Every structure is written in C-alpha cells, then in structure tokens.
Amino acid sequence: MTRPGSGSPTDPIMIQARGLEKHFGETHALRGIDLEVPEGRILAVLGPNGAGKTTAVRILTTLTHADAGEANVAGFDVRHHPAEVRARIGVTGQFAALDELLTGRENLEMIGRLYHLPAADARRRAGELLARFDMEEAANRTVKTYSGGMRRRLDLAGSLVAEPPILFLDEPTTGLDPRGRLGMWQLISELVADGTTLLLTTQYLEEADRLADEIAVMDHGKVIARGTANELKARIGGERLVITVARPEQLQTATGVLSRIAGDPQLDEPARQVSVAVAGGDGILTRAVRDLDAAGVAVDDAGVHRPTLDDVFLVLTGQHPDAEIQAEADAVAREREQVRA
Amino acid sequence: MSAVTAATRPAPTDATAMTWLADTWQMIWRNLLHIRRTPELLLDVTLSPIMFVLLFNFVFGGAISVRGQGGSSGEYINFLMAGIFVQTIAFAGIYTGVLLANDLKSGMIDRFRSLPMAQSSVLTGRTLTDVLRATLAIAIMWIVGMLVGFRPSGGVVGSAAAIGVMLLFGFALSWVGVAMGALVRTPEALQGIIFAAVFPLTFVSSAFVPTQSMPGWLAWFADRQPMTLVTNTVRSFTLQGDPGPTAIPAILWSLGVLAVCFPLGLWLYGRRTTQ
C-alpha cells in the first residue's frame, strides 16, 4: 500500500528492534531479530504460530522484557522508559483485552481515564469511537454479550482512545469469519491513512500483501526474509503461464507448443497442467491459446499466475505455512474447549 | 534514516501522586461496577456473616461458657460478635487474592499494562475496594447482632476504634491475598489454601470460645496469634470502651504484615505480569 508522504528516506524510525532474544525455559522464542518501521509506514510480521511474532510484539509494547537486544519505540527504550512508550502506543493483542462485565462504552471511558484524559474528553472520545466503529447499538450492553467480531472491534477501538501515533496489532483478524476480516481490513486501512505507524502480525499471507508496505517473514524466532510483497515474490521467480488441458493425452502436444513460446515447460500430470516461466510481454496468453487451438489441443483453463506469498513461504521455509497453521489452530481450539469445560 | 530521539507528541502525564490516586479510583469504580453486575460477589460479606452470627449464637450460645467475658449482660452474643467480625474480615481480606487471580486470568491486565497508568493502582484499587466490602460486612453483622442481643456498651468511640482496628487488619490481610493471588496458577487453588489456612487460625483463637477452655499448649499458641490479639482488642473496645492489653500488639501485627506484604505483593504482581 502506498500512501502520500510515505517512503521518504528521512522518515524517522518509530519502531526499532536490534538483536532481540527471548527464551522461555528451553524454548527460544526469539533468536535475535531486527525490525525497523519508519514513521507512517506499515510493517507486517508474517509467520506461522510459534514463529515468535507475539513475543516480539509483547517486548515492543513493554508487556515483557527481552533477554538480550534492545528496542526503541517513538525514540524511547522500551525497558527503561515504559511509561513514555505506553503514552504513545496503542496495542491490540490476540485475545481481546476487555472487561467482560463492563459495557462497551464503560470499557472505552475507563481506558480514556487511564490515559488521564479529563472525564468529559474520555466520554466524548468513547462516543466518537463507538460511532466510527458502528457499535452504538451495542454500546450499553456488557461485553460478555458481544460476538467475537464485536470484541475485536471494541478492542481495536480501545487501543485508539488516546489517538496514538504508533499502533501494534497482533493478529487482528485471526478467528474472524471472512466478512469480519474484510471489515477489519477496511478499518485498518482507514486508520493508517492518516499517518499512523503500524506494526501488525499475521498468519495470513493475503493480509500482509494487502495491508503492509513492508513484510518481515518470521520462522522459529528469526526474521528469514524481508522486503515489499513484490520483492519477496520476485525472489522465487516471475510470472508463469499455466495451461490446463481438457484431455490428459494432449499434455505432450501442449508441452511442445509451449516450448516454442518460452523455454522449459513444466508438467503436472495429475492436474493436467503445463506451466512455463514468462518474462512478461503482452499478448503471450492470447498467442499460447491460439497456437494450442491450431494444434488441436482442447484447453480447459489458461492464465498468467503471479506467485503468491504462499509460494514465497514455501520456498523460504521448505514447508507450506497453512498446514502447520491449521494443525496449531486445531490444537488451540481444543485447548480452549478444555479450559471452558 | 535516523531514529527519533524526541517524542512526537507530549506524553499525557507522568505517574505522579495525583495520577496514582485517579487511577486507583478508576480501579475501585471498575470493581464496584463488577459488584453491581454480579451481586453474588457480595455473598461472602453479606449472607455468610449473617448465618454465622445466627448459627453460632443460637446453636453454640447455650453451651459455651464465656467466663465473665460477655460484657454487661454476660451473654454469649456479646462475646461472639468480635470473633465473627474478625473471622469475616480475615476471610474477606485474603479473598482479595481470589479476585485478583481471576483478574490475572483475563486479558484486561494486558490492557492495563499497555496503558500509561500507575501499574500499582490495579492492586491498591483492589485492596481498597475490599476495605469497602469489609465495611459493608461489619455494618450488616452489627445490625443483625443487635437484633439478637448484641449490646456494645463500649460506646460510640469504642465502637469506632474497634472498627478501625478491624479494617486495618483486613487491609493488611488483603495484601497477603494479593501476594498469594499473584503466586497461584488458578483462583480455585487459592480458595483451597485459604480454607486450609484461615479456618484453623480462626478456631484456634479467642474468636468463638475463651482460650482458657483449650489444652495448655493450644491456649499458649492461641493467646499469641494475631487473630486472638485482634479479636480481644475489638472485644475490649466494643464491650468496655478501652483498648485492653492487646491493642498495641494487634496493631503492630497488622502494620508488620503490611510492611512485608505490600512490597512483596507489588513485586510478585510485577513479576507475574511481565512474564
């Protein structure tokens, strides 16, 4: 995402981490990570569960101390000047940090008062946020009665009470249904449009691609890659032309046709697909389909595919993130069930 | 690119004495809202003490000889009330730890930790709310006691002094609760510990029977432990209107517990919440 004024090399660094390490007993949650977010930019920290994303956020937001390394937020050392940092950040964690027995409005007013806003200002600000987040109807109900999506929205509203210039969102859409996710993306886009510096963590490649200026890919406590979405995609090669044929016996013919358009076609027989790297250039899809038709090959599907961040992750870590995420998500869900029971 | 060296906007306020007071008040307000939404949180300081006053008075009252410690009327109820007061206050005080442990389970503590508030106000708000709970308990017990024959002949000043001694003791114990609440994994575990520790202490004391009726070795312990010292002081203030010989040790015990558990509670809470 590009916004006016973003990307100048003289922008001050608002979030900076150097060599952060943290272990819990034998587990190394962080093995020395460096992060940097200039003012008004959005960094997505992308990685599967257990990569250390939440630990990094907790250190940067003063919730926990690093074992080694240093971190500065808004120019203040998080360890030695936590109050200064806290006065300038908003934090939305993975689990809604709300008071279940208070109403939505009471939660926001209390947070405002704890930022030491005068009572009238805290009330006004709570009203504004409830209106902006479309929650006025539920404002006077206790949070206990809220749905998961409403809790997330209120939680995000809570971190915006003092209009912080720096925002940390830890997996803001995990556990939301697709509609809730789209709504959250819309809210986040609006928030950062006014120049807020944002660090968000996510397991969703699409989310990082869509919201962030820059992406840091984390795995096993390390940043294993960083760059813009396009830079990361470029690392695993450019676009590919993918043809799905209607009849498996025509795969060889199709391969022959494609090899005349671009070099080194690759075959995926079970999927009835032939793909070939293309250097770009307009009309290549049209030409391929025309040549295949001329050769008598029946084509089911044809398209130029840009690599996704999924592919990036696969190349960088040697494993598909979603499989691991799904297994972890299932484990977490089971754990929560047990806690409830 | 250069790291910013100065704030981009002024910090709202530093943690001063005024903000600490304001934050503590916010925490008390939050706790009071909780009580309003779930009134059953008050059962331990309303229904339970009423039951104790009535049960002890009518079930044991006829069988227990108070050996001249029953005030002007010599009735058991006059002896009993100080014991019921102190027992209720002790339980309510340590129960603070269960309420804190519940809070620590919720995500709200993370929110507090990310705010520029006085972090200790979470604890001072908690313990001061429990002083209010204790005050309510005393008021209810006082009224029920008077309905069944309690006559505090120590007068208004003696009664006020007794209440002061009780609340100080309760406040000190609520910091014991804070320290324990920050240590235990689950509120349920703490409830078990409280039951196992506080019950024997209230029974091996002068709360319900004169310690002279106990075997010598037990009476020796009972006469010296804080529950007895506080109970005797409250009894002396309410019935005679004078502090009696135990007032100073009773107050010193409370202050001593506070001196240890206040910093210990803050430290344990800080350690627990930064993990």
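Not measured: the values here are computed from a predicted model. The figures here come from the full heavy-atom set of this structure, side chains too, leaving out hydrogens, waters and symmetry mates. Labels below follow one simple rule: chain letters A, B, ... track the order of the sequence lines, proteins then strands, and each chain is numbered from 1.
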Inset, instruction - Kindly say whether A/Tyr146 contributes a backbone atom to a donor-acceptor pair with the side chain of A/Arg151 at under 3.5 angstrom? - result: yes
Legend entry - B/Arg37 versus chain A, the contacting section by heavy-atom distance below 4.5 Å: side chain
Inset, instruction - Flag the pair A/Asp213 and A/Arg41 as a salt bridge only when some basic side-chain nitrogen lies within less than 4.0 angstrom of an acidic carboxylate oxygen. - result: yes
Legend entry - Residue selection (most heavy-atom pairs with chain A, distance under 4.5 Å) from B/Leu33, B/Asp103, B/Ile109: B/Leu33
Legend entry - chain B interface, residue from A/Leu117, A/Asn72, A/Leu102 that has the most non-hydrogen pairs under 4.5 Å: A/Leu102
Legend entry - Step-by-step side chain to side chain donor-acceptor pair (under 3.5 Å) determination, A/Thr142 to A/Thr103: CA-CA 4 Å; A/Thr142 55; A/Thr103 65; over 6 Å; no
Legend entry - Top contributor to chain A contacts, counting heavy-atom pairs under 4.5 Å, from B/Met27, B/Arg36, B/Met108: B/Met108
Legend entry - Heavy-atom pairs under 4.5 Å with chain B, option from A/Ile89, A/Thr61, A/Asp155 with the top count: A/Asp155
Inset, instruction - Would you name the heavy atoms of A/His116 and B/Met117 that are closest together and state the gap between them? - result: CE1-CA, 4.1 Å
Legend entry - Electrostatic pair A/Arg88:A/Glu84 at N-O distance under 4.0 angstrom: yes
Inset, instruction - Select one option (side chain, backbone, both, neither) describing which atoms of B/Ser121 are under 4.5 Å from chain A's heavy atoms. - result: neither
Legend entry - Per-residue contact mode, A/Glu106 against chain B (heavy atom under 4.5 angstrom): side chain
Inset, instruction - With a 4.5 angstrom heavy-atom cut-off, could you sort out which part of B/Ser106 is near chain A: side chain, backbone, both or neither? - result: neither
Inset, instruction - Report yes or no: does B/Arg272 contribute a side-chain atom to a donor-acceptor pair with the main-chain N or O of B/Ala182 at less than 3.5 Å? - result: yes
